[in-house]
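Order of listing sets the numbers, starting from 1, for every ligand and every atom in it. Counting from 1, the numbers follow the sequence of the chain as shown.
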Amino acid sequence: MGKSFSLRPRDGNPPPRTAETPSGMINSIGLENKGLDAFRADIYPRFARLGTLRIASLVGERPEEYRALAEAMAALEGIDAVELNLSCPNVEEGGRTFGKDPRAVERITREVRARFPRPVWTKLTPGVSSMAVLARAAEAGGADAVTVMNTLVGMSVDWARAHSRIGSPTGGVSGPAVKPLALANVWQVASCVGVPVVASGGASCARDVLEFMTVGARAVQVGTAFFMRPTAGSEILAQLPELLAGAGLRSAEEAIGRFRPRHEPPGHADG
Ligand SMILES: Cc1cc2nc3c(=O)[nH]c(=O)nc-3n(C[C@H](O)[C@H](O)[C@H](O)COP(=O)(O)O)c2cc1C
């Protein structure tokens with residue numbers, strides 16, 4: 001999880017608002033960020049000093065914005081990989097989300113791949129009939145990994161005042177409520193592509209992480225859980241060895257893909 005960096009500042013966004021559901025979160029924060037120049041000047045110098053892998057999330061409204069961001073990230077040695085957030089509306093194609101169009105997924109992945117010399121991950125959007133088709137498009141475009149999945153569209157409405165609790169009418173749903181959907185999508189995608197799948201969607205404990213790995217994820221992102229428990233990451237790492245030992249496994253690597261049934265995708269993803 002994290003902020004996506006675009007070329008332009010988004011000062012005009014409404015104030016960030018989130019609402020917690022009993023088992024998750026819905027947010028309308030949008031893709032608010034300070035833009036590429038501020039990232040290079042203020043954030044990157046601190047980011048580059050972190051003792052971990054550094055993965056930058058990129059977003060744009062036009063293909064050329066992704067190209068420009070890829071070139072900018074290539075020049076920053078401290079960026080180990082980029083993740084393409086394709087959840088933004090494509091202004092050149094009437095506002096259709098890039099990420100729901102397999103041709104756009106393949107094209108943008110290919111264009112970034114040609115400009116950024118380190119790993120490129122393509123993050124896939126749910127809300128299509130087959131994420132596996134999108135994943136194959138990303139793989140055809142040269143993605144080194146695919147991330148499954150971004151948030152789902154949802155609403156939170158105060159019925160008495162008949163207004164949205166999150167500012168805009170709809171927002172992105174995340175957290176434990178979406179985990180069964182994310183798990184199914186990770187399984188389907190992992191069955192259909194050769195590149196590694198990075199799971200994202202509702203993981204909040206070590207058992208969740210191992211469930212995602214069992215259906216084929218090679219890595220698992222944790223987002224919303226940090227809003228609920230800032231210590232979630234270290235807790236998950238601490239819990240893993242005991243769970244693995246209980247199942248007779250020596251490492252998390254051994255858990256990957258143990259769920260054997262395979263998914264057959266349909267021929268196209270509709271948006
Ligand atoms: C407050 C908030 C902000 C987010 N911002 C971004 C973003 O800027 N770019 C992006 O690709 N995903 C963003 N996401 C989606 C997360 O990265 C993640 O894919 C999703 O929340 C599902 O994982 P989780 O249930 O572990 O949070 C955001 C999610 C939340 C809750």
Side-chain angles (χ1 to χ4, degrees), residues 1-10 13-36 39 43 55-61 65-66 69 81-89 97-100 105 108-109 112 120-127 131 134 138 143 145-154 156 165-168 170-186 189 197-209 211-212 217 219-230 232-233 235-236:
M1 156 139 96
K3 291 285 184 189
S4 301
F5 288 97
S6 63
L7 287 175
R8 285 175 276 116
R10 304 285 164 90
N13 279 357
R17 297 201 189 157
T18 62
E20 281 183 27
T21 67
S23 56
M25 174 181 274
I26 175 165
N27 86 82
S28 67
I29 289 175
L31 295 167
E32 180 183 303
N33 67 79
K34 293 180 178 171
L36 176 62
F39 173 74
I43 300 170
I55 302 161
S57 168
L58 310 183
V59 71
E61 287 177 351
E65 295 188 345
Y66 286 94
L69 287 166
V82 294
E83 183 182 75
L84 307 183
N85 175 8
L86 301 177
S87 65
C88 206
T97 304
F98 288 113
K100 291 188 174 181
V105 169
I108 294 175
T109 302
V112 170
V120 174
W121 301 3
T122 301
K123 184 170 182 177
L124 305 176
T125 306
M131 291 188 75
L134 296 175
V146 290
T147 304
V148 180
M149 59 186 200
N150 217 314
T151 53
L152 291 125
V153 176
S156 180
R165 293 196 186 91
I166 54 165
S168 57
T170 63
V173 185
S174 61
V178 308
K179 197 195 78 182
L181 298 131
L183 205 55
N185 281 304
V186 167
V189 168
V197 177
V198 179
S200 167
S204 64
C205 62
R207 196 191 65 187
D208 294 340
V209 167
E211 288 179 13
F212 278 118
V220 182
Q221 298 182 358
V222 178
T224 301
F226 283 102
F227 286 82
M228 300 164 182
R229 286 181 354 262
E235 285 168 24
I236 288 171

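- Residue-ligand proximity, Thr151 to ligand 1, at heavy-atom distances under 4.0 Å covers atoms 15 (C), 20 (C), 21 (O).
- Using a 4.0 Å cut-off to heavy atoms of Met149, the atoms of ligand 1 that qualify are 19 (O).
- In terms of modelled atom types and a separation under 3.5 Å, the side chain of Arg165 and the main chain of Ile26 share no donor-acceptor contact.
- A distance of 5.0 Å separates CD of Gln221 from CD of Glu83, quoted to the nearest 0.5 Å.
- Of all atoms in ligand 1, numbered sequentially from 1 with element shown, those under 4.0 Å from a heavy atom of Phe227 are 1 (C).
- For ligand 1, the atoms lying closer than 4.0 Å to a non-hydrogen atom of Thr224 are 24 (P), 25 (O), 26 (O), 27 (O), 31 (C).
- Annotation: Lys123 places an N or O atom under 3.5 Å from an N or O atom of ligand 1; distance criterion only.
- With a 4.5 Å cut-off on side-chain heavy atoms, Cys205 and Glu235 do not count as touching.
- If you number the atoms of ligand 1 from 1 as listed, the ones under 4.0 Å from a heavy atom of Ile29 come out as 1 (C).
- More than 12 non-hydrogen atoms from other residues, nucleotides or ligands lie less than 6.0 angstrom from CZ of Arg229.
- Distances between N or O atoms of Gly175 and those of ligand 1 include at least one value under 3.5 Å.
- When the options Ala199, Gly202, Gly223 are ranked by their closest heavy atom to atom 25 (O) of ligand 1, first place goes to Gly202.
- Taking the side chain as every heavy atom from C-beta outward, Tyr66 and Leu86 approach each other to under 4.5 Å.
- Note: Ser156 OG to Ile166 CD1 = 6.5 Å, rounded to the nearest 0.5 Å.
- Side-chain atoms of Ser23 do not come within 3.5 Å of backbone N or O of Pro176 as any donor-acceptor pair.
- Atoms of ligand 1 found under 4.0 Å from any heavy atom of Gly201, numbered from 1 in the order shown, are 22 (C), 23 (O), 25 (O).
- Checked against a 3.5 angstrom limit, the closest N/O atoms of Asn85 and ligand 1 fall inside it.
- Residue Ser200 has at least one N or O atom closer than 3.5 Å to an N or O atom of ligand 1.
- Expressed to the nearest 0.5 Å, how far CG of Asn27 lies from OG1 of Thr224 amounts to 7.5 Å.
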